[in-house]
Amino acid sequence: MRLTVVGSSPAWPNPGSAQSGYLLECDGQRLLLDCGPGVLPKLREKESWPQVDAIAITHFHLDHWGDLVPWVWGLKFGPAADLEPPDLWVPPGGAETLATLGEQLGASDMFEDAFRLKEYAADEPFEAAGFTVVPKRVLHYKMLAFGFRVSRNGTVLAYSGDSGPDPQLVELARGAELFVCEATLVAPDPEGGTRGHLAVVEALEAFEQSGAKRLLLTHRPSERPVENGYELAYDGLELDV
Ligand SMILES: [Zn+2]
Ligand SMILES: [Zn+2]
């Protein structure tokens, strides 16, 4: 499979960068993991409208789903009106969450109208664009949030989404070819209360315990440079996994 980092920014965007969006491609099928603000225009730089078969959302913080809103308008009234809509996989209860958000943003049924909306369940594999995805709940404040373990033809890519330190991350990335892991913080636990993000040392610890082969750090503010020796995601990075 091929990974393209479409957007790598954390909760506030790095200069010129989109927020979370990771495109997986294999055999002509395409799965987008998260769809934060800036992801859609980045995808449109390559084709008039992104030909994506499925989108899967880790959680409902804006930096992971915000560009679903303009995607709806493109599907309903714009250049995507004649295209097949992507499957849209959301966390448990996500359809209701989107209906509530839709009331404020356009119409309560705008998301279910535009996409083929589906909810996944924790630890239950689902098929999206020919990939098998296992969603695992991760610690992210009090938010319902998931990481994804994505496999195809025996190759595994793990994506943490947003997570604090959590033994589930080790299971998520167990033996993976590539672990795309967030590393938002300068140091462990400056947040107080329930943890929501990782420092580099914590991402590294989960990676080492998992036995994954390669670590790609992401969701990193540019104001917090990473010391040499780590691979850091940037918008436009393409990797064959
Ligand atoms: Zn985030
Ligand atoms: Zn988040």
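Values below: all heavy atoms of this structure, side chains included; hydrogens, waters and symmetry mates excluded. When a residue number appears, it is its place in the shown sequence, counting from 1. Counting starts at 1 for both ligands and their atoms, following the listed order.
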Can you list the residues that meet the salt bridge (Lys or Arg N to Asp or Glu O under 4.0 Å) rule with Arg30, with sequence neighbours excluded?
Glu25, Glu47
Quick one: list whatever passes ring-ring contact (aromatic ring centres under 6.0 Å, His included) with Phe131, sequence neighbours left out.
none
Excluding sequence neighbours, so at least two apart, what forms ring-ring contact (aromatic ring centres under 6.0 Å, His included) with Phe179?
none
Judged by modelled atom types alone, do Tyr159 and Thr58 share a side-chain donor-acceptor pair under 3.5 Å?
no
Decide, yes or no, whether a salt bridge links Asp27 with Arg152 under the criterion of side-chain N to carboxylate O below 4.0 Å.
yes
Give a yes or no on whether a salt bridge exists between Arg149 and Glu171, defined as a side-chain N under 4.0 angstrom from a carboxylate O.
no
Which residues and atoms, protein N, O or S only, are under 2.8 Å from the Zn ion (ligand 2)?
His59 NE2, His61 ND1, His140 NE2, Asp162 OD2
